[in-house]
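Okay, so here's the structure we're looking at.
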Amino acid sequence: MAESAAQIREGIRAVLETFPHTPRAHVQSFGCQLNFCDGEKYKGILQDLGYELTDIPEEADVILFNACAVRAHAESRVIGRLGALKAIREKNPRLIVGLCGCMAEEEEVRALLRKSYPFVKLVLGAGAMERLPGSLLSVYRGEKRAETLAFAGLPDEALPTVRDSGFQASVPVMYGCNNFCTYCIVPYVRGRERSRKPEAIEQEVRQLIAQGYKEILLLGQNVNSYGRGLDEEINFPALLRRLDAIEGDYFIRFMSSHPKDATPELIDVMLESKHIEYHLHLPVQCGSDRVLQEMNRRYTVEKYLETVDYARAKDPDFGFSSDLIVGFPTETDADFEGTMQVIERVKYDNLYTFIYSPRSGTKAAEMPFVSTQEQIAARMSRLLARQREISEEFNKRFLGKQVRFLAEKRDPETGLLLGKTRHGLVLEAPGTQEDIGRLLDVTVTGVKNWALSGEILRG
Ligand code: SAM
Ligand code: SF4
């Protein structure tokens with residue numbers, strides 16, 4: 001008969017009691033916000049089992065790499081880190097090394113681990129978080145490798161969480177993706193879309209606000225398809241309305257929104273809200289309709305711009321950011337000109353730009369490149385240079401205005417606080433250590449290419 005969660009926990013505690021020192025665990029997350037959010041749950045589970053969390057891998061008895069599979073570069077970094085563990089492993093024969101997250105779902109990666117990294121004893125797919133204690137116990141009992149792959153369900157609502165911040169909290173609203181953009185590995189490693197129940201999300205957000213959290217970041221691969229498949233009739237704007245009704249002083253942010261599902265209703269809810277930012281992360285990926293079709297994005301540039309225009313007609317200061325892929329296999333110079341036209345037209349506050357990285361198993365990985373890597377690199381440099389100018393120019397719209405911002409950190413040398421405004425813009429202002437984690441009113445006095453600067457209104 002399978003052991004219960006309580007029996008597994010007792011089993012691990014019994015092992016940890018034999019340690020001559022405090023057992024410690026180190027979790028390192030890579031990639032997107034969702035992965036970091038999963039990382040907080042891995043930390044919660046390990047702490048609950050009796051490990052003290054440490055930022056120093058050399059001190060740890062368990063090291064978990066929670067790794068991202070979206071681009072090859074991210075994976076190579078993790079493989080490099082595994083290789084660099086040799087000295088730590090030799091010093092601590094008890095050390096258990098694990099790989100979890102999206103990267104652990106890839107068959108190629110698992111084959112590589114079997115062949116070249118036999119010391120990785122724990123392999124845990126994205127969404128298999130609650131299996132961590134059972135896997136750990138089997139390794140302590142002598143199993144050579146505990147491999148668990150699972151992405152079909154939702155994580156247990158009761159999983160403990162150790163949050164990385166005391167004032168910013170990530171809250172997943174859904175997991176997985178149904179979109180199969182031809183370049184993207186996510187649907188293969190995270191499975192199909194499934195939404196958390198609205199009551200569970202609302203309860204979590206209420207608790208966070210009661211604990212004093214000032215920013216709630218709602219997460220999903222495409223939050224706009226939130227609610228599909230739930231018994232209750234609910235969509236993402238309705239969920240936002242429900243969360244915005246919670247009393248308190250806080251911001252709600254969310255990502256990502258797929259442009260094919262972004263509706264005027266979504267923009268209306270944002271602009272009518274008390275807490276939701278006036279900023280939408282709306283990844284366009286490319287400015288050519290032909291490439292968008294080959295990417296299987298299911299919108300045109302025209303349809304995308306309708307969403308932008310709708311928001312800006314209601315609030316000319318409304319902010320947009322985007323993900324952009326440069327060098328999709330079939331992208332020509334003419335297609336890239338389309339991307340340049342989109343950035344001129346939208347005037348993004350911020351861009352997350354990626355050179356296309358072929359991912360095995362995806363459709364685009366089979367497509368031959370029509371451009372050289374030099375051409376692609378030149379496009380990327382041009383894009384970044386022009387975007388810097390555009391942001392600096394467009395940021396001027398806030399000069400002299402009063403804005404609200406969340407102070408996230410402070411540079412002790414300059415005494416400048418750094419944080420984000422309700423319109424999603426980075427802002428710096430002189431302030432004190434006590435201001436960190438507070439929502440503050442500021443008058444914007446200057447503009448830098450990537451940020452606003454301002455003076456806090458006190459009193
Ligand atoms: N679900 C989100 C969406 O569709 O907007 C994005 C999630 S994905 C983890 C984040 C970004 O990574 C994508 O928007 C895309 O720009 C980029 N990306 C995904 N696959 C990529 C690839 N193979 N090469 C380069 N960038 C990629
Ligand atoms: Fe990947 Fe597209 Fe899904 Fe985003 S919407 S996770 S880019 S497949």
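All ligand and atom numbering here is 1-based and tracks the order in the structure. Remember, it's a predicted structure, so these values are computed and weren't measured experimentally.
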- So is R71 close enough to ligand 1, meaning a heavy atom under 4.0 angstrom away? yes
- Message: Determine whether the aromatic ring centres of residues Y352 and H281 are separated by less than 6.0 angstrom.
- Response: yes
- Message: Using the ring centroid of each side chain, check whether F251 and H275 are separated by less than 6.0 Å.
- Response: no
- Query: For atom 6 (S) of ligand 2, what is the nearest protein heavy atom, given as residue, atom name and distance?
  - Reply: Q221 OE1, 3.4 Å
- Task: Look at R290 together with E294 and state whether they make a salt bridge at an N to O cut-off of under 4.0 Å.
- Result: yes
- Query: Under a 4.0 Å heavy-atom limit, does R297 contact ligand 1 with its side chain, its backbone, both, or neither?
  - Reply: side chain
- Of the protein's non-hydrogen atoms, which lies at the shortest distance from atom 8 (S) of ligand 2, and what is that distance? C181 N, 3.4 Å
- Mind running side-chain contact (heavy atoms from CB on, under 4.5 Å) on L99 and L122 for me, showing each step along the way? CA-CA 6 Å; L99 181 78; L122 255 175; over 6 Å; no
- Note on the structure: A student checking ligand 2 against C177 at a 4.0 Å heavy-atom cut-off should list atoms 3 (Fe), 5 (S), 6 (S), 8 (S)
- Task: Identify, for atom 6 (C) of ligand 1, the protein heavy atom at the shortest distance, and state residue, atom and that distance.
- Result: Q221 OE1, 4.0 Å
- Task: Kindly state whether the ring of F180 and the ring of Y188 have centres lying under 6.0 angstrom apart.
- Result: yes
- Task: Would you check whether L34 reaches within less than 4.0 Å of ligand 1, judged by its heavy atoms?
- Result: no
- Steps toward side-chain contact (heavy atoms from CB on, under 4.5 Å) verdict (D156, M129): CA-CA 9 Å; D156 185 344; M129 281 175 285; over 6 Å; no
- Query: I325: heavy atom below 4.0 Å from ligand 1, yes or no?
  - Reply: yes
- Item | Ring center gap for Y348 and F394 short of 6.0 angstrom | no
- Query: Out of L324, V70, N35, who gets a non-hydrogen atom closest to atom 9 (C) of ligand 1?
  - Reply: V70
- Protein contact of atom 7 (S) of ligand 2 - nearest heavy atom, named by residue and atom, plus distance: Y183 OH, 3.4 Å
- Where ligand 2 meets H258 - atom numbers and elements under 4.0 angstrom, heavy-atom basis: 5 (S)
- Query: Of the protein's non-hydrogen atoms, which lies at the shortest distance from atom 10 (C) of ligand 1, and what is that distance?
  - Reply: D323 OD2, 3.7 Å
- Message: I'd like to check which ligand 2 atoms, numbered from 1 as shown, lie under 4.0 Å from a non-hydrogen atom of F180.
- Response: 8 (S)
- Output the list of atoms in ligand 1 that are nearer than 4.0 Å to some heavy atom of I355, sorted by atom number. 25 (C)
- Message: Out of all atoms in ligand 2, which are within 4.0 Å of some heavy atom of P187? Include the element for each.
- Response: 8 (S)
- Query: Quick one: which of L417, L439, L452 gives a side-chain contact (heavy atoms from CB on, under 4.5 Å) with F405?
  - Reply: L417
- Query: In terms of residue, atom name and distance, what is the protein heavy atom nearest to atom 20 (N) of ligand 1?
  - Reply: Y183 CD1, 3.3 Å
- Nearest non-hydrogen protein atom to atom 23 (N) of ligand 1, with distance, is S357 O, 2.8 Å
- Work out whether the distance between some heavy atom of R297 and some atom of ligand 2 is less than 4.0 Å. yes
- Note on the structure: Contact region, F354 to ligand 1, non-hydrogen atoms below 4.0 Å, reads side chain
- Task: Verify the distance criterion only: is there a donor paired with an acceptor across the side chains of E428 and S453 at less than 3.5 Å?
- Result: no
- Atoms of ligand 2, numbered as shown, that sit under 4.0 Å from any heavy atom of N179: 5 (S)
- Message: One thing to verify: whether R379 and E331 come together as a salt bridge, which I'm taking to mean a side-chain N less than 4.0 angstrom from a carboxylate O.
- Response: yes
- Message: For a 4.5 angstrom cut-off between non-hydrogen side-chain atoms, does Y299 reach Q285?
- Response: yes
- Message: Within ligand 1, which atoms have a heavy atom of R359 less than 4.0 Å away?
- Response: 23 (N)
- In a check of side-chain hydrogen bond (donor to acceptor under 3.5 Å, both in side chains) between S29 and each of N66, D38, N35, which one passes? N66
- Protein heavy-atom partner closest to atom 1 (Fe) of ligand 2 - residue, atom, separation in Å: C184 SG, 2.3 Å
- Is the distance between the ring centroids of F318 and F320 under 6.0 Å? yes
- What is the closest protein heavy atom to atom 5 (O) of ligand 1, and at what distance does it sit? P283 CG, 3.0 Å
- For atom 16 (O) of ligand 1, what is the nearest protein heavy atom, given as residue, atom name and distance? Q285 OE1, 2.7 Å
- Query: So does D317 pair up with K401, basic N to acidic O under 4.0 Å?
  - Reply: yes
